[in-house]
Amino acid sequence: MSHPPAHTTPALDPTTQVRVRLRVQSGADIQLGPGRIDVLQGVAETGSIAEAGRRLGMSYQRVWSLVQAMNAAFEAPLVVKQRGGSAGGGAALTPTGQTVLAAYRAADAAALQAAQPHLGGVLGLLRKP
């Protein structure tokens, strides 16, 4: 399964990048990470668990299991399913889900910005491809 890379920054050549991958863990369990955040982003953009899965190359069942795990990890659910009807079914982020997604994206960007000055010199020491 392929995930879009976390925030990156170009280096000396197009194949070298600084990548920051944030994870929120509780004990050994990852509660949030790039894949789960991509699921939240996909649901937010498409209004559909199935469509989010298609975009991410995941099955509906895999996406739904990640949603259930995230919902169970937080005091309030991050995603709610909406039953069918005249407008059809779907899924949406709750206000808590929107807050978590925005906070993670902001922290991800801040971590990359903080890492760049420290790793810039390291990039210059890498062998050229």
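Computed from a prediction, not measured in an experiment: that's the story for all the values here.
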Minimum heavy-atom distance between His118 and Ala114, given as atom pair plus value: CD2-O, 3.0 Å
Just wondering, do Arg36 and Tyr104 contact through their side chains at under 4.5 Å, heavy atoms? no
Under 4.5 Å between side-chain heavy atoms, hopping through other hydrophobics if needed: is there a path connecting Ile30 to Ile37? no
Do Asp108 and Val20 have side chains that approach each other closer than 4.5 Å (heavy atoms only, starting at C-beta)? yes
Show the nearest heavy-atom pair for residues Ala91 and Gln82, with the distance to one decimal. N-OE1, 4.1 Å
Taking all heavy atoms of Ala52 and all of Gly42, pick out the closest pair and write down the distance. CB-C, 3.6 Å
Please evaluate residues Phe74 and Thr99 with respect to the criterion side chain to side chain contact (heavy atoms under 4.5 Å, CB included), reporting the C-alpha separation (whole Å), side-chain torsions for both, the decisive distance (0.1 Å), and the verdict. CA-CA 12 Å; Phe74 287 84; Thr99 297; over 6 Å; no
Side-chain contact test, heavy atoms from C-beta onward, threshold under 4.5 Å: evaluate it for Leu78 versus Val67 and give yes or no. no
Roughly how far, to the nearest 0.5 Å, is the CE atom of Met58 from the CD1 atom of Ile49? 12.5 Å
Do Tyr60 and Leu40 sit in one hydrophobic cluster, given that two such residues count as connected whenever their side-chain heavy atoms are within less than 4.5 Å of each other, even indirectly? yes
I'd like to check Arg23 versus Arg21 (side-chain heavy atoms, cut-off strictly below 4.5 Å). Are they in contact? yes
Is the count of non-hydrogen atoms from other residues, nucleotides or ligands lying under 6.0 Å from Gln113 atom CD greater than 12? no
Side-chain contact, heavy-atom cut-off 4.5 Å: Thr94 with Gln98? no
Rounded at 0.5 Å granularity, tell me how far OG1 in Thr96 sits from CE in Met70. 13.0 Å
Do you know which two heavy atoms are closest between Leu22 and Ala107, and how far apart they sit? CD1-C, 3.5 Å
Flag the pair Leu101 / Leu93 as yes when at least one side-chain heavy-atom distance between them is below 4.5 Å, and no otherwise. yes
Ser26 (side chain) donor-acceptor with Asp29 (main chain) under 3.5 angstrom: no
Rounded to the nearest 0.5 Å, how far apart are CG of Asn71 and CH2 of Trp64? 6.5 Å
Answer whether the closest heavy-atom distance between the side chains of Asp38 and Arg55 falls below 4.5 Å. no
4.5 Å side-chain heavy-atom contact, Glu45 and Glu51: no
